[in-house]
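The structure under discussion appears below in the form of structure tokens.
Just follow the structure's listing: the first ligand is 1, and inside any ligand the first atom is 1. Everything numeric here is computed off the predicted structure, so don't read it as measured data.
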Amino acid sequence: MPIAGKFITLEGGEGAGKSTQVARLAERLEARGATVLRLREPGGTALGEQMRAVLKQPGSMIVPQAEALLFAACRAQLVSEVIVPSLAAGSVVLCDRFIDSTVAYQAAGRGLERNLIDAANRLACGTVCPDLTILLDLDPAHGLGRASLRDHGKHDRFEALETGFHQRVRAMYHALAKEEPQRFFVVDAAQTPEKISEIIWHEVQRRFL
Ligand code: TMP
């Protein structure tokens, strides 16, 4: 029986290699007969893709409260319009970033109250929660260097923030993984993409196949 109706999210700081790993995991799952839907946040709906451009654009003047609510709004749309029906239809949904990004970036990074972010996430998601969250853990200095190479030195609104911001994001990811050790699987993202992909596949098979 192929894996069906599972919701897997990938999290991590800038340049951790999430999109590469989403693609590799999707290929492996499809090779085993699963129907896979690949999503990214913000994005995956018309609203989400429009907001993605606004949220990432270096010149956008957005206060932290508005930023948190915009991410939550995109998530609410994605959950209702895409994730719930896809899981119900038996797809495996792979999402590049989800609830934990808002806790890491807007609560730890921006300094907003954690309980307000948790409430926004509950409003956006209802009862939907990832079955597995893969955290690609990487020193921000390393990740920002990789992201800069990838984007030819251009920084989006988040990549341009000071290192302290990205260190707080990483520390919050570690805290979240400790809070929910069943949901999280932490991978050292300083390894080669091939090695990381092997480690992730091993864990996905162990849990679901
Ligand atoms: P990325 O998916 O290409 O990394 O770009 C998304 C950016 O948005 C990234 O810098 C992290 C940031 N972000 C938040 O700050 N909060 C969120 O809730 C999400 C989903 C992303």
Do [X] and [Y] have a side chain donor and acceptor closer than 3.5 Å?
X	Y	result
Tyr105	Arg168	no
Tyr173	Thr133	no
Arg97	Thr102	no
Ser101	Glu11	yes

For [atom], what is the closest protein heavy atom, and at what distance to 0.1 Å?
atom	result
atom 21 (C) of ligand 1	Phe71 CE2, 3.4 Å
atom 15 (O) of ligand 1	Gln106 NE2, 2.9 Å
atom 7 (C) of ligand 1	Phe158 CD1, 4.0 Å
atom 9 (C) of ligand 1	Glu14 OE2, 3.5 Å
atom 18 (O) of ligand 1	Thr102 OG1, 2.6 Å

Practice problem: May I ask you to decide if Ala107's main-chain N or O and Glu113's side chain share a donor-acceptor pair within less than 3.5 Å? | Solution: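 No.
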Quiz item: For atom 11 (C) of ligand 1, which of Arg97, Arg75, His166 has the closest heavy atom?
Solution: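 Selected option, by shortest heavy-atom distance: Arg97.
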Practice problem: Over all heavy atoms of both residues, which pair between Glu49 and Gly44 is shortest? Give the atoms and the distance, please. | Solution: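 Where Glu49 meets Gly44 most closely, the heavy atoms are OE2-N, 3.0 Å.
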Quiz item: Do any heavy atoms of Arg52 fall under 4.0 Å from ligand 1?
Solution: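 Within the 4.0 Å threshold, so yes.
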Self-check item: Contact atoms of ligand 1, heavy-atom distance to Lys56 under 4.0 Å
Solution: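 Under 4.0 Å from Lys56, ligand 1 has these atoms: 1 (P), 3 (O), 5 (O).
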